[in-house]
Amino acid sequence: MPGVRTRNESAWLLPNDGSRTDHRLRDGMRRFADTDELDLVIVGCGAGGSVLLQRLARAGWRVAALDAGPFWDPDTDWVSDEAGSHRLYWTEPRVISGTDPVPMGSNNSGRGVGGSMVHYAGYTPRFHPSDFATRTRDGVGADWPLSYPELRPYYEQLEQELPVAGERWPWGDPHGYPHRPHPVSGNGEIFLRGARKLGIEARVGPVAITNGRFGNRPHCIYRGFCLQGCKVNAKASPLITHIPDALAHGAEVRADAMVTRIAIDSGTGRALGVHYVRDGRERFQRAAMVAVAGYSIETPRLLLNSACSRFPDGLCNEFDQVGRYLMVQGAPQTAGRFDAEVRMYKAPPPEVSSEAFYETDPARDFQRGFSIQTVSPLPITWAEHVAAQGHWGGALREYMSDYVHWACLGALCEFLPRPGNRVTLAGEKDQHGLPVAEFSYSQGDNDKAQAKAAQAVMEDILRAAGADEVITIQRYAHLVGGARMAADERSGVVDQSCRSFAVPNLYITDGSVLPTQGAANPALTIMAVAARAAGQLAAGARSGSAS
């Protein structure tokens, strides 16, 4: 992979002595004073914030990222235990409502440096070209103000930097991956067997998990705890893929710093910096520019909590767009029981997948589509799956003792953006005295038809593979939207460069800017959008037009 190390040396900056964190790099990182005027302060250090931080640090910017959570240490903070990993999630109060409320927590919120990619499964597909023009092509959703070819080079760069392993991908824009696919375990073999019998095309990967050594990162050891932080550092997350390089190039990561408000000059309308709380003290960081990367709940919440005389209804909310069009993916999971032992936990959860049902099919009674992948829940999550079927007491214990005989598949359904699915401020307040977010969500008929079709396909695959019983749990995954990218300020919050329409030196570089979500996991696309914005910011600075 020529050029990867010259672009991002993070994998080579990790220790090679059996530990997993370079404490000298962290201890010696540059530290700015609140009174220093940074070129850019970033709120949030997950997928979007970390990539923006790393790219602009390499461009020579004075840049710091503030994150509400801790600076995780894989050696001491991450454990091979589902319950013990609960603190990786954002579990502070939020209010949920609507006809189909979305539970907040483990599968859609992250806390700490690295964000929710610390506990994601590692699955990193690209969006399809069609995702960028669903309104034009299919009459639903929204068209992006940029096209797939404009993101392609950033997808390619990031697939090398993470890196991504998988078979050649035949769907969307066909492409290969820098690492070969991982070997397949029992769960993946069942998916491949069932799909083959039904004539459904399936592939191994793509996962951001090293297949072979990469820099000082070791090979995956197939222990199955990808969602608990990956203690071996084989699974990519910004904590190990972009943060070390950012620190080495003069960036600061300021952990345990809860940003409470963006300050605006009442005369010019420009951002002045951010108010934040750290160690119990209220502080203010000056900056020439501000970028928000707090994800789809906390980013709209911060904008709304930053109301001021110039923006009385919330920052960037003159046209009532902040918080709207927030999307989740329908994520039903279907499990099948087999006489032979499967031991689905003995591999990364996403091994084999199919995007054969991703695009709109005129023969179906809904628009857009879904993807399917192996998911392999660990025992506590499996118990929730079984309990959702109404099994308790002796029946629950029997299912749990039978765990090694089950295989599990999951779908990602492209639920459509709706203006009423939104974040507003609730009456309840958090520990800092700030109104918490209320997320109201309701499904549409198209969403329900998609989920039903996805469940039927998964059941067919498992039965074709030989399952003698199948059970399904309905659930959600992956938040995007809430501050969406659009062609004009009446339709969204930021432009195609992630620059807010209302405040000229305020950017948003997280999943909240995505106008649609596809049937793909969003992490890689969030990183690609942030990398593109960083490139444009750096180029603007060189030409004297960044501000």
Side-chain angles (χ1 to χ4, degrees), residues 34-44 49 64-68 92-95 254 257-278 281-326 422-439 481-486 488-495 497-510 512-513 546-547:
D34 288 339
T35 52
D36 292 335
E37 184 175 76
L38 303 179
D39 295 323
L40 175 69
V41 62
I42 302 170
V43 182
L66 279 58
D67 197 282
E92 293 189 15
R94 286 161 170 170
V95 176
R254 201 173 302 171
M258 174 67 183
V259 175
T260 58
R261 184 164 57 90
I262 299 166
I264 298 294
D265 185 297
S266 59
T268 65
R270 296 176 64 85
L272 301 172
V274 296
H275 296 272
Y276 69 103
V277 177
R278 195 182 197 202
R281 288 181 51 216
E282 294 187 5
R283 303 168 66 168
F284 178 72
Q285 177 62 63
R286 296 175 63 230
M289 302 175 69
V290 175
V292 182
Y295 208 24
S296 289
I297 301 292
E298 293 305 309
T299 287
R301 178 191 176 209
L302 176 61
L303 296 176
L304 294 172
N305 273 327
S306 297
C308 58
S309 59
R310 192 178 182 98
F311 298 100
D313 297 319
L315 205 55
C316 307
N317 199 32
E318 292 173 297
F319 296 95
D320 194 25
Q321 290 297 302
V322 171
R324 289 196 182 275
Y325 300 103
L326 204 148
R422 68 178 306 186
V423 167
T424 55
L425 296 180
E428 184 178 347
K429 294 185 177 180
D430 68 5
Q431 59 182 308
H432 306 294
L434 296 172
V436 304
E438 178 172 349
F439 176 26
R484 72 173 178 175
M485 183 186 298
D488 61 76
E489 61 189 358
R490 295 181 180 275
S491 305
V493 178
V494 300
D495 65 15
S497 298
C498 295
R499 181 174 178 168
S500 73
F501 291 112
V503 181
N505 62 335
L506 174 66
Y507 286 73
I508 302 175
T509 57
D510 59 29
S512 67
V513 305
S547 61

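Because the structure is predicted, anything quoted here is derived from the model rather than measured.
- Judged purely by atom type and a 3.5 angstrom limit, Asn505 uses its side chain to pair as donor or acceptor with the backbone of Ala288.
- Under the 4.5 Å side-chain criterion, counting only non-hydrogen atoms from C-beta, Val322 is in contact with Leu304.
- The nearest pair of heavy atoms linking Ser512 to Thr299 is OG-CG2, 3.7 Å.
- Side-chain contact check for Tyr276 and Arg261: no donor-acceptor pair (N or O, by modelled atom type) lies under 3.5 Å.
- Side-chain contact between Glu282 and Val277 is present, with at least one heavy-atom pair separated by less than 4.5 Å.
- With values rounded to the nearest 0.5 angstrom, Asn305 atom CG is found 9.5 Å from Lys429 atom NZ.
- For the pair Leu506 and Cys316, the minimum side-chain heavy-atom distance is below 4.5 Å.
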* To do: Please step through side chain to side chain contact (heavy atoms under 4.5 Å, CB included) for the pair Leu272 and Ile264, ending with a clear verdict.
  => CA-CA 6 Å; Leu272 301 172; Ile264 298 294; over 6 Å; no

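- Only one option out of Glu428, Glu438, Glu298 pairs with Arg94 in a salt bridge (charged side-chain N to carboxylate O under 4.0 Å, His left out); it is Glu298.
- In this structure, the side chains of Leu303 and Asn317 stay at 4.5 Å or more apart for every pair of heavy atoms.
- Qualifying salt bridge (Lys or Arg N to Asp or Glu O under 4.0 Å) partners for Asp320, counting only residues two or more places apart in sequence or in other chains: Arg324, Arg422.
- The shortest heavy-atom contact between Ala426 and Pro435 is O-CB, 3.5 Å.
- Partners of His275 by ring pair (Phe, Tyr, Trp, His ring centres under 6.0 Å), not counting sequence neighbours, listed by chain and number: Phe284.
- Rounding to the nearest 0.5 angstrom, the gap separating the CG atom in Leu315 from the OG atom in Ser500 is 7.0 Å.
- Nearest heavy-atom pair, Leu40 versus Ala287, reported as atom, atom and distance to 0.1 Å: C-CB, 4.4 Å.
- In this structure, Ala483 and Val493 approach most closely via the heavy-atom pair CA-CG2, 3.7 Å.
- The salt bridge (Lys or Arg N to Asp or Glu O under 4.0 Å) test applied to Asp430 returns Arg301, not counting sequence neighbours.
- One N or O on the side chain of Ser296 and one on the backbone of Gly481 form a donor-acceptor pair closer than 3.5 Å.
- With contacts defined as side-chain heavy-atom distances shorter than 4.5 Å, the pair Val290/Tyr507 does not qualify.
- A donor-acceptor contact shorter than 3.5 Å links the side chain of Thr268 to the backbone of Arg270.
- Residues Gly294 and Asp510 share a closest heavy-atom pair of N-OD2, 2.9 Å.
- Listed here is the closest heavy atom pair of Pro312 and Ser309: CD-O, 3.7 Å.
- Under the salt bridge (Lys or Arg N to Asp or Glu O under 4.0 Å) criterion, the residue pairs touching residues 284-297 are Glu37-Arg286, with sequence neighbours excluded.
- A 4.5 Å side-chain heavy-atom check between Val513 and Arg484 finds every atom pair outside the cut-off.
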* Step by step, work out the salt bridge (Lys or Arg N to Asp or Glu O under 4.0 Å) result for Arg283 and Asp34. => CA-CA 7 Å; Arg283 303 168 66 168; Asp34 288 339; 3.0 Å; yes

* **side chain to side chain contact (heavy atoms under 4.5 Å, CB included) between Val274 and Val41, intermediate numbers included** => CA-CA 8 Å; Val274 296; Val41 62; 4.2 Å; yes

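- No side-chain donor-acceptor contact under 3.5 Å links Gln321 and Arg490.
- The salt bridge (Lys or Arg N to Asp or Glu O under 4.0 Å) search around Arg310 returns none, not counting sequence neighbours.
- Remark: Phe319 engages no residue in a ring pair (Phe, Tyr, Trp, His ring centres under 6.0 Å) (not counting sequence neighbours).
- Proximity of Ile508 to Cys498: side-chain heavy atoms (C-beta onward) are nowhere separated by under 4.5 Å.
- Under the 4.5 Å side-chain criterion, counting only non-hydrogen atoms from C-beta, Asp495 is in contact with Phe501.
- Under the side chain to side chain contact (heavy atoms under 4.5 Å, CB included) rule, Arg278 has a single partner from Met258, Arg254, Gln285, which is Arg254.
- Note that CG of Leu434 and CG of Leu425 are 9.5 Å apart. Values are rounded to the nearest 0.5 Å.
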